[in-house]
Amino acid sequence: MKIAIANWSNGLFGGVESYLDTLIPALSARGHSLAFFSEEGPANDRGEIALPADPSLNFNAGLRGVSQAIAALKAWKPDVIYVHQILDPDVEKLLSEVAPAVLFVHSYVGACISGRKTTSFPAMRPCHRVFGLKCLLHYYPHRCGGWNPVTMARLFAVQKQRSVHLRAYDLVLTQSEFMCREMSRYTGEAAPKTLPLPANFESLTPPVRTWRSGDPLRLLFMGRMEDLKGGGIFLEAFPILRQAFSAPIEATFAGDGTLRSDWERQSAMLERRLPEVSIRFSGWLDGAAKVEAYRSHDLLIVPSIWPEPFGLVGVEAGSLGLPAAAFDVGGIPEWLSDGISGHLAGADPPSAASLAAAIVRCFESPAHYQMLCAGARTVAGRHGLDLHVDRLLGFFSEVLAKVGTAPEVAF
């Protein structure tokens with residue numbers, strides 16, 4: 001099968017790109033021909049996605065221009081195009097016309113003015129409204145975005161355009177049942193299907209994890225350092241954790257973003273106030289460094305306050321037996337089974353106190369903690385890469401059969 005994959009960038013920027021970096025070699029190993037389309041130029045200093053080996057099949061609009069890149073992609077005659085995060089709705093429309101098109105939804109495209117699906121006033125919490133004209137009435141009262149009315153109108157127009165595009169795809173795939181229910185409100189008669197993201201480290205042997213009362217508590221945050229990821233709330237929980245545990249607390253913040261410097265200042269103040277609390281910022285971790293971070297910590301903290309479509313970091317960590325504490329939002333409960341692979345914190349609204357309580361529950365006894373480690377591994381095992389690829393190729397075959405072109409598929 002000739003499969004074209006499209007994303008805004010070919011750089012390793014976040015979860016979307018990490019997924020594609022894992023998927024492309026897996027599809028190549030099964031004998032499929034691959035091409036890659038990206039909107040922007042060369043990748044950032046974090047490296048590139050594992051692109052197709054033939055450079056002529058990397059259609060980069062940032063280097064060639066959109067029209068030329070689209071024309072070259074069309075001339076390659078893909079059987080199916082697998083679309084991910086595209087910045088320009090007009091480019092997205094052009095891509096969907098190249099071949100039978102499958103969209104994998106990574107965020108709230110066509111479902112929210114700001115794309116955050118979160119209100120900020122009177123408290124920050126997930127939003128469950130259906131996107132439409134009424135969102136314009138709620139935008140300012142609930143602080144859904146900034147104060148510029150021109151920006152509000154522009155964002156609304158873009159999301160409305162994206163909402164229309166959703167109905168043009170031959171199939172929409174989502175990461176979780178939560179997102180499937182959400183996006184079904186916008187896809188019309190073509191109901192979306194669920195395809196959970198795969199764990200990257202399922203083939204690795206997890207470490208033997210032991211924790212006893214009095215051992216240092218090693219906590220890990222891994223992700224973008226933005227308000228929706230909740231790192232600020234996690235930091236606010238440290239005074240509560242300090243009272244709950246007599247042992248030293250060591251935390252690592254892995255990642256980067258616009259709030260990193262703010263969180264670093266907040267961390268420095270906490271370290272001065274709280275004895276035996278240490279917080280370090282490692283920057284982005286990839287490959288072996290990421291694996292080592294999962295191996296060397298006791299608990300993953302996922303304090304996202306927006307409704308995460310899935311939360312791949314939790315499945316990655318779980319594949320190495322690392323349990324998690326997270327807010328009960330979005331698709332997170334589909335991999336974080338409360339009391340089995342970690343503990344969920346109440347999120348109405350999300351608070352430092354509820355997050356701290358979930359963390360404390362994870363360490364209520366050594367036996368309970370070891371049970372959570374085993375549970376995290378078991379839950380992550382349901383998200384294997386081979387199973388993911390099998391289901392994805394099955395969806396491609398269904399689409400091609402529906403449109404009347406069904407090449408031989410290597411499963």
Side-chain angles (χ1 to χ4, degrees), residues 1-11 16-17 19-21 23-24 26-28 30-41 43 48-107 109-110 158 161-174 183 186-190 192-193 195 389 392-410:
M1 186 186 298
K2 296 175 72 175
I3 304 169
I5 296 173
N7 190 53
W8 73 277
S9 173
N10 63 349
V16 178
E17 293 76 33
Y19 163 59
L20 295 178
D21 190 52
L23 178 68
I24 289 172
L27 290 172
S28 294
R30 297 204 186 191
H32 299 285
S33 299
L34 300 175
F36 192 91
F37 174 93
S38 55
E39 287 180 283
E40 299 201 351
E48 293 186 0
I49 293 168
L51 299 172
D54 186 347
S56 68
L57 297 182
N58 297 325
F59 304 106
N60 195 311
L63 299 177
R64 302 188 184 202
V66 172
S67 297
Q68 185 176 349
I70 292 286
L73 180 61
K74 186 176 293 187
W76 186 63
K77 297 182 179 179
D79 296 310
V80 65
I81 183 161
Y82 189 29
V83 182
H84 295 268
Q85 287 189 326
I86 299 296
L87 302 179
D88 187 338
D90 292 330
V91 172
E92 187 179 2
K93 184 174 186 299
L94 291 171
L95 285 169
S96 67
E97 296 169 350
V98 168
V102 176
L103 173 68
F104 194 100
V105 173
H106 293 273
S107 60
V109 293
V158 168
Q161 187 178 0
R162 290 191 184 282
S163 190
V164 172
H165 287 347
L166 284 171
R167 298 171 182 265
Y169 281 97
D170 295 283
L171 179 63
V172 173
L173 297 177
T174 68
M183 300 312 296
Y186 308 100
T187 55
E189 295 182 3
K193 302 289 182 65
L195 181 66
V389 174
L392 177 63
L393 293 173
F395 286 135
F396 288 167
S397 294
E398 289 176 15
V399 166
L400 295 178
K402 185 172 65 174
V403 299
T405 59
E408 184 177 345
V409 179

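Numbers for residues simply follow the sequence, beginning at 1.
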Item to check | Spacing of CD1 belonging to I81 relative to NZ belonging to K2, to within rounding of 0.5 Å | outcome: 12.5 Å

Checklist entry - Between F104 and Y82, is a side-chain contact (heavy atoms from CB on, under 4.5 Å) present by the stated rule, with each step listed? => result CA-CA 7 Å; F104 194 100; Y82 189 29; 3.1 Å; yes

Next on the checklist: Using only atom types and a distance under 3.5 Å, with no angle test, would you say the side chain of E39 pairs donor to acceptor with the backbone of S9?
Outcome noted: no

Checklist outcome for this item: Those residues at least two apart in sequence (or on a different chain) that pass side-chain hydrogen bond (donor to acceptor under 3.5 Å, both in side chains) with Q161 are D90

Item to check | Distance (rounded to the nearest 0.5 Å) between L171 CG and E398 CD | outcome: 7.5 Å

Checklist entry - How long is the span from the CG atom in L73 to the CG atom in L57, to the nearest 0.5 Å? => result 9.5 Å

Next on the checklist: Just to verify, what does E17 make a side-chain hydrogen bond (donor to acceptor under 3.5 Å, both in side chains) with, not counting sequence neighbours?
Outcome noted: N7, W8

Item to check | Sidechain-backbone polar pair: K402 side chain, D170 backbone, donor-acceptor under 3.5 Å | outcome: yes

Checklist entry - Heavy atoms, side chains only, cut-off 4.5 Å: are P192 and L173 in contact? => result no

Checklist entry - So which heavy atom on Y186 is nearest to which on G110, and how close? => result CD2-O, 3.7 Å

Next on the checklist: Under the rule for side-chain hydrogen bond (donor to acceptor under 3.5 Å, both in side chains), what residues qualify as partners of S56, not counting sequence neighbours?
Outcome noted: D54

Checklist entry - With side chains defined as the heavy atoms from C-beta onward, is the minimum distance between V91 and F37 less than 4.5 Å? => result yes

Item to check | Contacts of H106 that satisfy side-chain hydrogen bond (donor to acceptor under 3.5 Å, both in side chains) - sequence neighbours left out | outcome: H84

Checklist entry - Do F36 and I24 have side-chain heavy atoms sitting under 4.5 Å apart? => result yes

Next on the checklist: For A168, give me all partners under side-chain contact (heavy atoms from CB on, under 4.5 Å), at least two apart in sequence or on another chain.
Outcome noted: none

Next on the checklist: Would you compute the distance between atom CD of Q85 and atom OG of S107 and round it to the nearest 0.5 angstrom?
Outcome noted: 5.0 Å

Next on the checklist: If you apply the rule side-chain contact (heavy atoms from CB on, under 4.5 Å), what do you find for Y19 with L23, and how did you get there?
Outcome noted: CA-CA 6 Å; Y19 163 59; L23 178 68; 3.5 Å; yes

Checklist outcome for this item: For P78 and A4 the tightest heavy-atom approach is CB-CB, 3.9 Å

Checklist entry - Would you call V109 and L166 a side-chain contact if the rule is heavy atoms closer than 4.5 Å? => result yes

Next on the checklist: Working to the nearest 0.5 angstrom, can you tell me the gap between E48 CD and N58 CG?
Outcome noted: 8.0 Å

Next on the checklist: Closer than 3.5 angstrom, by distance alone: can the side chain of N10 be matched with the main-chain N or O of S38 as a donor-acceptor pair?
Outcome noted: no

Next on the checklist: Looking at every non-hydrogen atom in both residues, tell me the closest pair between F59 and A69 and how far apart they are.
Outcome noted: CB-O, 4.1 Å

Checklist entry - For A71, which residues count as a side-chain contact (heavy atoms from CB on, under 4.5 Å) partner, sequence neighbours excluded? => result none

Checklist entry - Who are the side-chain contact (heavy atoms from CB on, under 4.5 Å) partners of R167, not counting sequence neighbours? => result none

Checklist outcome for this item: In this structure, CG of L27 is separated from CG of L393 (nearest 0.5 Å) by 6.0 Å

Pairs under 3.5 angstrom only: tabulate donor-acceptor contacts from the side chains of residues 92-102 to other protein residues two or more places apart or in another chain.
| unit_1 | atom_1 | unit_2 | atom_2 | d |
| --- | --- | --- | --- | --- |
| E92 | OE1 | R162 | NH1 | 2.8 |
| E92 | OE2 | Y169 | OH | 2.9 |
| K93 | NZ | E97 | OE2 | 2.7 |
| S96 | OG | K93 | O | 2.7 |

Item to check | Verdict with supporting geometry, L34 and L51, side-chain contact (heavy atoms from CB on, under 4.5 Å) | outcome: CA-CA 9 Å; L34 300 175; L51 299 172; over 6 Å; no

Next on the checklist: Strictly by side chain to side chain donor-acceptor pair (under 3.5 Å), give each pair with a member in residues 62-78 just once, sequence neighbours left out.
Outcome noted: none

